[in-house]
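Below, chains carry the letters A, B, ... as their sequence lines are ordered, and counting in each starts from 1.
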Protein chains: 2
Amino acid sequence: MQIAPPDFDRMFGALADPTRRDIVRRAVDSEEGVAELASHYPMSFAAVQKHIAILERAGLVTKERIGRRKIVRTNPEGLRVVRRLLDRYEELWRGRIDRMTTLVADPPDRKETDQ
Amino acid sequence: MQIAPPDFDRMFGALADPTRRDIVRRAVDSEEGVAELASHYPMSFAAVQKHIAILERAGLVTKERIGRRKIVRTNPEGLRVVRRLLDRYEELWRGRIDRMTTLVADPPDRKETDQ
DNA sequence: GCTCCATACAACCATATGGTTGTACAAATG
DNA sequence: CATTTGTACAACCATATGGTTGTATGGAGC
């Protein structure tokens, strides 16, 4: 079996909705089924179900069948994948700063005429 | 003047597109104007311009007028705001683990009948 | 097996999104 | 001042998204 590469479009897209972020937050440490989760929001059961499906396809939550319910749980690894991308951007930023600092401290080809 | 509260819908929404993420990546350490950025992508200038406007409204890039160009730069503070939200979720997760561990190590009200 | 409860999914609708082309504005250059 | 270059924005179109209601499936309890 192949491990799926992270789908950042789906991941960020899933997080770009307040209801879905709230589901992620709740499902971190709750053991609620779809219906119980749905009861927190002012929309139909089916709407919440769709939100959960979107989070699931993005790899941000998992569902486990227990009896006739399906427990929704936040997938911490999914969150970490997203975070790591942002870390990479910040690393690029640090790299830029470092290069600028190096340039100032140790100019490779400086002439007197340089500003 | 009031500092705007972070708009996570816009932020995650902005990052949910490969072109926009690539613009963020490039603009971390480039000094390109809108047209120069646009030249990297197989779409019209106006389309890229819209992408940049979306990133700008989300607080993920800034534009600085230089001559007749506008330099697009990634805003590292915007990225950090997003990252911090993910950090908070991970903290919740750690909290859950801690509580579970505590429960096992030091059950507050244990009876022999407990599983 | 029938019924109830939790979940899933299809069909539909309004609006948002991502692309296009065309036009207008702003600053450097002749 | 006219031209060129870079940016902004409006109008338009196709498709995606977020919501609805209705129907179907699957497991627990009688």
dT7(C), OP1 or OP2 - any side-chain N/O from Lys63(A) closer than 4.0 Å? no
Please determine if Arg25(B) and Glu91(A) form a salt bridge, counting it only when a charged side-chain N lies under 4.0 Å from a carboxylate O. no
Counting only heavy atoms and a strict 4.0 angstrom limit, can you tell me which residues of residues 16-37 of chain B come near DNA chain C? Arg20(B)
Could you work out which one of dC9(D), dA8(D), dT7(C) sits closest to the side chain of Ala46(B)? dC9(D)
Proximal nucleotide (of dC4(C), dT7(D), dG19(C)) relative to the Arg68(A) side chain: dC4(C)
With a 4.0 Å cut-off on N to O distance, would you call Arg21(A) and Asp9(B) a salt bridge? yes
CZ/Arg73(A) to CG/Asp29(A) distance, rounded to the nearest 0.5 angstrom? 11.5 Å
Check the distance between dT17(D)'s C1' and Asp9(A)'s CG and give it to me in whole angstrom. 14 Å
Rounded to whole angstrom units, what separation is found between the CD atom of Gln49(A) and the P atom of dA24(D)? 16 Å
Roughly, in whole Å, what's the span from CD in Glu64(B) to P in dT7(D)? 13 Å
Gap between atom CG of Leu79(B) and atom OG1 of Thr74(B) - 0.5 Å precision: 6.5 Å
Would you indicate what Gly13(A) reaches in the nucleic acid, counting non-hydrogen atoms under 4.0 angstrom: base, sugar-phosphate, or nothing? nothing
In whole angstroms, the gap separating C1' of dA26(C) from CD1 of Ile66(B) amounts to 16 Å
Whole-Å distance between dG19(C) P and Ile52(B) CD1? 13 Å
Give Ala53(A) one of three labels, base, sugar-phosphate or nothing, depending on what nucleic acid heavy atoms sit under 4.0 Å from its own. nothing
In plain terms, say whether Glu77(A) and Arg80(A) are close enough for a salt bridge, that is, a side-chain N and a carboxylate O under 4.0 Å apart. yes
Only one of Arg26(A), Arg69(A), Lys70(A), His40(A) passes side-chain hydrogen bond (donor to acceptor under 3.5 Å, both in side chains) with Glu32(A), and that residue is His40(A)
Could you work out which one of dA8(D), dG19(D), dT20(D) sits closest to the side chain of Ser44(A)? dT20(D)
In whole angstrom, what separates Phe45(B)'s CZ from dA24(C)'s P? 17 Å
Heavy-atom nearest nucleotide on DNA chain D taken for Gly67(A) and for Met43(A); more 5' hit belongs to Met43(A)
Would you say the side chain of Lys50(A) and the base of dG19(D) hold a donor-acceptor pair, judged only by whether the two atoms sit under 3.5 Å apart? yes
Lys63(B)/Glu56(B) ion pair, N-O < 4.0 Å: yes
Rounded to the nearest angstrom, tell me the gap between atom NZ in Lys70(A) and atom C1' in dC9(C). 12 Å
Candidates dT20(C), dG19(D), dA8(D) - which lies nearest the side chain of Ala47(A): dG19(D)
Strictly below 4.0 Å, N to O, side chains only: are Asp87(B) and Arg83(B) in salt-bridge contact? yes
Nearest-angstrom distance from the residue atom CZ of Arg65(A) to C1' of dA28(D): 11 Å
Per Ile54(A) side chain, nearest of listed nucleotides dG27(D), dG19(C), dG18(D): dG18(D)
